[in-house]
Amino acid sequence: IKNFKLEKVEYGNLRTYLLCDVSGSMSGSMEDLRGAVTDYISAKSSKEEVAISTFSDYIKATVDFGATDEELLNFVSGMYDDGGTAIVNSTIEVLEKFSSAKGDKQVLIVMTDGQDGYGYSRESIMTQIGSLAEEKNVTVHTIGLGSVDADYLNTIATSGNGIFVYVSDSNSLSGFY
């Protein structure tokens with residue numbers, strides 16, 4: 001390899017959107033989900049903005065970027081499980097909320113068991129999520145909690161140039177973030 005050059009990339013701020021599955025299939029993992037999101041909020045840097053949405057059949061509730069840590073933590077304490085699961089639809093809806101602006105690092109973290117009630121094909125996920133993540137300059141990561149569909153979650157993460165991580169409980173997440 002000739003003429004190789006390593007350059008440091010500087011970002012202004014980090015904008016992280018946590019998309020949390022609160023469907024009925026998450027009933028055995030809700031405590032871990034709440035713990036994982038609470039730990040994330042507690043560990044975030046001062047240059048990081050966090051937004052959170054919960055979803056089941058649809059986006060149920062949202063706290064937007066600019067919320068205080070107290071508002072985020074209050075939101076997390078009120079999360080409960082109910083309904084079906086629309087992972088891909090909810091991921092697309094959240095990706096559409098991001099601006100296409102360059103300069104800030106933008107990340108979407110989907111926390112779920114991967115049991116999508118709509119069962120999109122790999123090709124459809126790669127096309128829909130992949131093109132929107134690229135357009136919006138967002139990296140999509142998935143975190144599998146509980147009994148997961150690892151292939152499905154890996155496909156979603158790969159489509160958004162991110163990674164899939166399986167965790168058995170919220171304590172296992174510290175290495176991820």
Side-chain angles (χ1 to χ4, degrees), residues 12-27 29-101 103-118 120 125 128-146 152-153 156-157 159-160 162 164-165 167 170 173 176-177:
N13 292 308
L14 174 59
R15 295 171 49 91
T16 303
Y17 206 116
L18 304 176
L19 179 59
C20 303
D21 181 352
V22 294
S23 65
S25 64
M26 290 289 291
S27 63
S29 301
M30 286 304 297
E31 186 176 326
D32 284 326
L33 176 61
R34 281 189 212 95
V37 177
T38 298
D39 290 349
Y40 189 92
I41 293 164
S42 299
K44 74 180 185 69
S45 79
S46 61
K47 293 184 81 175
E48 181 175 8
E49 285 187 88
V50 174
I52 307 169
S53 282
T54 57
F55 74 95
S56 58
D57 297 304
Y58 54 90
I59 298 288
K60 293 176 77 170
T62 298
V63 61
D64 287 315
F65 290 114
T68 66
D69 287 356
E70 183 178 350
E71 291 169 324
L72 293 168
L73 293 170
N74 285 338
F75 180 85
V76 171
S77 69
M79 295 190 316
Y80 63 93
D81 58 282
D82 181 42
T85 313
I87 300 169
V88 172
N89 293 343
S90 298
T91 300
I92 290 168
E93 187 175 334
V94 167
L95 281 170
E96 289 172 343
K97 293 181 179 197
F98 280 94
S99 71
S100 299
D104 287 345
K105 176 76 174 156
Q106 301 189 117
V107 176
L108 170 59
I109 300 174
V110 182
M111 298 177 165
T112 179
D113 60 8
Q115 309 297 326
D116 197 329
Y118 296 91
Y120 284 86
I125 293 169
Q128 292 184 59
I129 292 177
S131 61
L132 193 54
E134 183 177 357
E135 173 191 328
K136 298 288 188 168
N137 194 34
V138 177
T139 303
V140 179
H141 300 294
T142 56
I143 297 177
L145 299 162
Y152 200 74
L153 294 179
I156 293 170
S159 71
F164 159 66
V165 175
V167 295
S170 59
L173 281 173
F176 179 74
Y177 49 75

Polar side chain donor-acceptor pair, Thr62 to Ser53, under 3.5 angstrom: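 Present: a donor and an acceptor within the cut-off.
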
Judged by modelled atom types alone, do Asp116 and Tyr152 share a side-chain donor-acceptor pair under 3.5 Å?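 A pair is found: one side chain offers a donor N or O, the other an acceptor, under 3.5 Å apart.
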
N/O donor-acceptor pair under 3.5 Å between Asp104 side chain and Asn13 backbone: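 Such a contact is found between Asp104 side chain and Asn13 backbone.
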
Checking the side chain of Gln106 only, and the main-chain atoms of Ser99 only, is there a donor and an acceptor separated by less than 3.5 Å?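 Yes, the answer is positive, given that a donor and an acceptor are paired below the 3.5 Å cut-off.
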
Result block: side-chain N/O donor-acceptor pairs under 3.5 angstrom for residues 107-115, not counting sequence neighbours:
from: Thr112; atom 1: OG1; to: Asp21; atom 2: OD2; distance (Å): 2.6
from: Thr112; atom 1: OG1; to: Gly114; atom 2: N; distance (Å): 3.0
from: Asp113; atom 1: OD1; to: Gln115; atom 2: N; distance (Å): 3.1
from: Asp113; atom 1: OD2; to: Ser25; atom 2: OG; distance (Å): 2.7
from: Gln115; atom 1: NE2; to: Ser147; atom 2: O; distance (Å): 3.2

Minimum side-chain heavy-atom gap [X]-[Y] below 4.5 Å:
X	Y	answer
Leu132	Glu96	yes
Val140	Ser159	no
Thr16	Tyr40	yes
Phe55	Ile87	yes
Val22	Leu33	yes
Ile52	Ile41	yes

State, to 0.1 Å, how close [X] and [Y] come at their nearest heavy-atom pair, and which atoms those are.
X	Y	result
Arg34	Ser77	NE-O, 4.2 Å
Lys136	Phe98	NZ-O, 2.9 Å
Ser23	Gly84	CB-O, 2.9 Å
Tyr118	Ala86	CE1-CB, 3.4 Å
Thr139	Gly162	CG2-CA, 3.8 Å
Ile59	Ser90	CD1-CB, 3.8 Å

Contact list for residues 70-88, test salt bridge (Lys or Arg N to Asp or Glu O under 4.0 Å), sequence neighbours left out: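 Sorted pair list comes back empty.
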
Provide the full list of salt bridge (Lys or Arg N to Asp or Glu O under 4.0 Å) pairs with a residue in residues 55-69, sequence neighbours left out, each pair given once.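 Matches after skipping sequence neighbours: Lys44-Asp69.
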
CD1-CG distance between Ile143 and Leu18, expressed to the nearest 0.5 angstrom: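 That separation rounds to 8.0 Å.
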
Starting at CE of Met30, measure out to CG of Leu145 and round the result to the nearest 0.5 Å.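 CG of Leu145 is found 10.0 Å from CE of Met30.
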
Can you check side chain to side chain contact (heavy atoms under 4.5 Å, CB included) on Phe164 and Ile156, steps first, answer last? CA-CA 8 Å; Phe164 159 66; Ile156 293 170; over 6 Å; no

Results of salt bridge (charged side-chain N to carboxylate O under 4.0 Å, His left out) for Glu49 - residues two or more places apart only: Arg15

Could you pull out all residues at least two apart from Lys97 that satisfy salt bridge (charged side-chain N to carboxylate O under 4.0 Å, His left out)?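 Salt bridge (charged side-chain N to carboxylate O under 4.0 Å, His left out) check on Lys97 returns nothing, list empty.
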
Return the set of residues passing ring-ring contact (aromatic ring centres under 6.0 Å, His included) with Phe65 (not counting sequence neighbours), or none when no residue passes.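 Tyr17.
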
So among Thr54, Leu72, Val50, which one has a side chain to side chain contact (heavy atoms under 4.5 Å, CB included) with Val63? Leu72

